[in-house]
Amino acid sequence: MTGIRSNVRAPEQSNVDCRASNSADLREIAEQSNAWPFEEAKKIVTRLKRAPKDEVIFETGYGPSGLPHIGTFGEVARTTMVRHAFRVLTDDKIKTA
């Protein structure tokens with residue numbers, strides 16, 4: 001069996017650096033994002049500007065369908081993504097649980 005070789009080479013220098021160099025850069029990118037976790041987190045940030053709180057609790061749980069299944073995982077994953085987006089948008093200055 002012969003090995004597979006590729007003639008494609010990675011560019012030595014990229015025109016776009018996708019990595020944020022610090023949290024301010026990451027927050028700026030997050031504020032411009034249209035991804036739904038960031039859109040939902042922006043709604044929470046807006047609500048907190050009207051009624052400030054010391055802590056935000058993100059909850060998820062089992063549905064009426066019974067034992068855990070792939071849908072349960074999806075629910076937990078969505079909540080986790082919104083919580084992460086919220087933490088990025090607020091520079092993790094508001095406690096989350």
Before you tell me yes or no, could you show the steps for Phe86 and Leu48 under side-chain contact (heavy atoms from CB on, under 4.5 Å), namely the whole-Å CA-CA distance, both residues' side-chain angles and the distance that decides it to 0.1 Å? CA-CA 11 Å; Phe86 177 82; Leu48 287 175; 3.6 Å; yes
Taking side chain as C-beta onward, heavy atoms only, is Ile44 less than 4.5 Å from Val82? yes
Nearest-0.5 Å distance, CH2 of residue Trp36 to CE of residue Met81: 4.5 Å
Ile29 vs Phe38 side-chain heavy atoms within contact, under 4.5 Å: no
Output the rest of the hydrophobic cluster of Phe73: all Ile, Leu, Val, Met, Phe, Trp and Tyr residues reachable through side-chain heavy-atom contacts under 4.5 Å, sorted by chain and number. Ile70
Phe58 vs Thr80 side-chain heavy atoms within contact, under 4.5 Å: no
Glu31/Arg27 salt bridge by N-O under 4.0 Å criterion: yes
Contact between Glu55 and Ile94 at the side-chain level, heavy atoms closer than 4.5 Å - yes or no? no
Separation of Asp25 CG from Glu28 CD (nearest 0.5 Å): 6.5 Å
Within the side chain of Lys42, is there an N or O that forms a donor-acceptor pair under 3.5 Å with the backbone of Ser33? yes
Is there a side-chain contact between Thr90 and Val45 in this structure, where contact means two heavy atoms from C-beta onward sitting under 4.5 Å apart? yes
Check for a donor-acceptor pair, side chain of Lys95 on one end and backbone N or O of Asp54 on the other, with a separation under 3.5 Å. no
Work out which heavy atom in Pro37 is nearest to a heavy atom in Ala85; give both atom names and the distance. O-CB, 3.6 Å
Could you give the distance from OG1 (Thr79) to NE2 (His84), rounded to the nearest 0.5 Å? 14.5 Å
